[in-house]
Amino acid sequence: MLVVGRPRLVRNSIILTLAILSIWHLGLLSRTPTSASALVSASVSASSEWSRLERLMNRGAPLTPYPDSNSSFDWSAIPFRYPPHNTTHLPPRHKQPPLPRIQHRFGPESPAAAKERIKRLKAVKQVFLRAWQAYKGYAWKQDALLPISGGGREQFSGWAATLVDALDTLWIMGLREEFDEAVAAVAEIDFGSSTSSRVNIFETNIRYLGGLLAAYDLSGREVLLKKAVELGDLIYAGFNTENGMPVDFLNFYSAKSGEGLVVESSVVSASPGTLSLELAHLSQVTGDDKYYSAVSQVMDVFYQGQNKTRLPGVWPIDVNMRAKDVVSGSRFTLGGCADSLYEYLPKMHQLLGGGEPKYETMSRTFLQAADRHFVFRPMLPGAEEDVLMPGNVNVDEDSGEAVLDPETEHLACFVGGMFGLAGRLFSRPDDVETGVRLTNGCVYAYRAFPTGMMPERLDLAPCRDRSSRCPWDEEHWLEERAKRPEWEPHLPRGFTSAKDPRYLLRPEAIESVFYSYRITGRQEFQTAAWDMFTAVEKGTRTQFANAAVLDVTRAADELPQEDYMESFWLAETLKYFYLMFTTPDIISLDDYVLNTEAHPFKLVG
Ligand SMILES: *[C@@H]1O[C@H](CO)[C@@H](O)[C@H](O)[C@H]1NC(C)=O
Ligand SMILES: *[C@@H]1O[C@H](CO)[C@@H](O)[C@H](O)[C@H]1NC(C)=O
Ligand SMILES: *[C@@H]1O[C@H](CO)[C@@H](O)[C@H](O)[C@H]1NC(C)=O
């Protein structure tokens with residue numbers, strides 16, 4: 001995200017459920033076998049689990065018919081001044097050897113544990129449903145809900161961002177009626193007009209195209225694919241540039257003319273670097289290679305520049321796609337503005353089944369540099385806290401020295417999950433452990449503040465050495481604190497600032513908790529998730545839904561809030577909380593790869 005983680009009978013029935021589910025995952029089943037459902041209803045907790053799974057598995061006809069309307073403009077018919085085709089780039093088609101297993105092999109669950117888990121699952125669903133109903137009542141078909149005043153606002157071209165972003169969560173939660181109603185609304189979206197003359201390609205790609213593709217993968221509704229193609233052709237129009245690099249913002253009117261667009265000279269690296277997964281998957285589901293081909297040219301620029309930057313292995317925050325320069329800058333981060341460029345390297349490897357070796361090369365090279373230069377251990381009052389955090393790095397333009405800035409932010413919390421996933425994909429167990437320690441860093445930051453939420457941006461005092469013990473050193477702490485004008489006496493010891501004390505309903509911490517849980521199977525992550533969920537729900541709750549919090553560093557009965565609910569609250573944050581308490585076969589990381597907006601794409605082959 002660029003914007004500014006039994007008794008024997010029950011056990012057997014669950015195993016049977018899992019078996020059926022995996023058949024469904026192979027696409028062999030379209031209907032629930034009655035014999036199986038009869039067997040499973042033998043137990044109460046398993047049967048409620050089952051009815052949910054049953055709804056999930058039933059890809060039957062929509063409950064309401066959808067209108068057959070096309071957008072008012074056909075983006076596929078533009079005469080390109082600069083056709084971006086490079087037919088040397090085709091999605092890999094040859095069968096590859098299977099990738100290593102990602103998820104932990106979970107054992108049977110005790111009835112008490114199942115009961116507790118399902119209780120939590122329902123609590124998350126209630127919070128989602130409440131916010132969804134508020135969206136429906138006050139902001140239907142608008143981009144975002146105003147959760148305090150009860151209104152709506154357009155943010156991303158006015159194509160119902162919250163609705164499209166939430167489609168797959170509705171499906172995963174088994175909310176079929178709501179899902180079908182939302183899909184009927186999607187059928188009427190007009191990608192031929194926009195409330196803004198400048199279309200943000202990055203956000204359009206991750207929220208809208210990602211949302212449509214995932215909802216299509218899960219439900220098989222053809223209208224979602226049709227809309228995904230309309231929108232994919234709009235994004236593709238952004239490649240109508242002299243050097244084939246995509247624009248960051250698409251001028252709606254000149255894009256339609258096909259006269260050719262001018263690539264911006266300075267953009268943040270995440271923008272061009274976060275188109276690959278969605279466009280590659282669009283090529284996979286349509287069989288039309290043009291999307292994959294276009295985005296491959298962008299990723300080639302990153303590939304060729306990776307070892308030539310001031311910090312080889314990573315790319316600077318600011319890049320110039322007009323000059324195809326991704327090497328010159330001297331500021332580096334794993335957090336906002338760069339984040340999903342890195343996140344998509346191992347995910348592209350997984351999506352393509354390992355069929356394009358560049359993504360493995362880029363991933364391995366990146367992971368090594370990230371581990372070496374960015375990951376630090378913070379000095380904390382409980383010296384036994386063995387956690388890690390991702391910081392920022394600045395390279396001195398004269399000496400070439402790389403200097404760690406131990407500032408971190410909520411956006412960077414996805415790094416734990418990425419290390420875990422990549423560690424599994426490339427069989428690097430040390431990276432999995434690093435991922436767990438990074439995840440625990442963010443969990444620690446949630447627990448350290450009196451509201452149970454982590455601030456948007458903060459500073460820490462780094463240990464002198466990451467691997468050995470790191471006892472509390474009062475003098476070192478005072479020195480680090482003195483460097484930070486933002487330090488305030490009420491902050492928990494260990495933190496040297498809470499530069500931006502807000503919590504914006506962001507998902508990255510629970511995203512990494514989700515990956516760490518599915519990968520290691522460790523129960524502590526479910527506990528952490530529940531603590532985070534209860535704190536977040538309490539602090540963000542409004543009369544209608546949930547809102548961003550302005551200061552999480554001070555406890556209060558009513559926290560100061562901002563009248564805004566980002567679409568990712570429903571698309572990502574609540575989806576990850578929910579998936580913490582489903583059985584682990586639901587959206588298994590061995591069957592799906594999730595885009596940076598938590599939209600699951602079905603792995604093919
Ligand atoms: C929508 O467009 C497709 C071709 O792009 C066409 O076959 C279909 O008839 C159109 N539907 C309507 C309602 O115009
Ligand atoms: C097409 O891609 C190939 C492979 O990366 C590259 O060698 C070639 O220069 C590209 N052609 C054009 C016209 O960009
Ligand atoms: C970059 O360097 C790594 C070794 O650190 C190497 O494995 C990789 O192939 C290099 N990438 C390119 C594009 O040459």
Side-chain angles (χ1 to χ4, degrees), residues 62 64-80 86 88-89 159 183-193 212 216 221-237 256 258 269 272-273 276 282 285-288 290-291 295-316 319 324-328 332 334 338 341-342 344-346 348-349 352 354-375 393 395 400 402 419 422-423 425-428 430-431 434:
T64 46
Y66 307 132
D68 171 29
S69 51
N70 293 337
S71 287
S72 61
F73 181 79
D74 183 357
W75 287 96
S76 70
I78 296 176
F80 268 53
N86 185 339
T88 58
H89 284 102
W159 297 321
V183 176
V186 169
E188 291 177 339
I189 295 175
D190 183 6
F191 292 120
S193 79
L212 292 169
Y216 171 70
R221 300 275 189 273
E222 288 299 330
V223 67
L224 295 171
L225 181 58
K226 176 182 139 178
K227 287 311 219 188
V229 171
E230 286 183 5
L231 189 60
D233 286 333
L234 182 157
I235 293 171
Y236 186 73
K256 283 182 173 179
S269 59
S276 55
L282 186 58
V285 296
T286 58
D288 185 341
K290 71 179 185 184
Y291 312 105
V295 80
S296 295
Q297 294 178 66
V298 181
M299 296 318 292
D300 272 0
V301 173
F302 283 104
Y303 176 74
Q304 277 145 18
Q306 187 173 20
N307 292 342
K308 297 176 186 152
T309 69
R310 291 178 200 266
L311 197 60
V314 290
W315 298 272
V319 297
K324 293 194 184 180
D325 172 4
V326 298
V327 304
S328 296
F332 299 83
L334 306 185
L341 161 65
Y342 300 117
Y344 276 14
L345 301 175
M348 277 297 280
H349 174 80
L352 302 175
E356 171 47 71
K358 281 175 188 162
Y359 291 103
E360 174 162 1
T361 304
M362 282 193 278
S363 300
R364 287 178 179 274
T365 309
F366 156 68
L367 287 165
Q368 202 168 341
D371 190 63
R372 178 157 163 227
H373 297 290
F374 291 80
V375 175
V393 176
V395 175
F419 264 81
L425 281 170
F426 305 120
S427 305
R428 294 160 59 114
D430 288 353
D431 283 346
T434 299

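Whatever order the structure lists them in is the order used to number ligands and atoms, beginning at 1. These numbers were taken from a predicted model, which means no experiment stands behind them.
Dense packing is recorded around CD of E360, with more than 12 heavy atoms of other residues, nucleotides or ligands lying under 6.0 Å away.
With hydrogens and angles disregarded, no donor-acceptor distance shorter than 3.5 Å links the side chain of S71 to the backbone of F73.
A distance of 6.0 Å or more separates the ring centres of F374 and F366. With ring centers used as reference points, H373 lies 6.0 Å or more from F332.
Against a heavy-atom cut-off of under 4.0 Å, T361 is close to the following atoms of ligand 3: 8 (C), 9 (O). Here is the list of ligand 3 atoms found below 4.0 Å of a heavy atom in Y303: 13 (C).
Ring planes of H349 and F426: tilted class, angle from 30 to 60°. The aromatic rings of W159 and F191 sit perpendicular to each other, their planes meeting at more than 60°, with 30° as the lower class boundary.
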Just the distances, no angles: every ligand 1 N or O to protein N or O pair closer than 3.5 Å, one line each.
| unit_1 | atom_1 | unit_2 | atom_2 | d |
| --- | --- | --- | --- | --- |
| ligand 1 | 2 (O) | N70 | ND2 | 2.3 |
| ligand 1 | 11 (N) | N70 | ND2 | 3.0 |
| ligand 1 | 14 (O) | N70 | ND2 | 3.4 |

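For ligand 3, the polar-atom distance check against N307 finds a nitrogen or oxygen pair separated by under 3.5 Å.
Salt bridge absent: K308 and D325 never bring a charged side-chain N and a carboxylate O closer than 4.0 Å.
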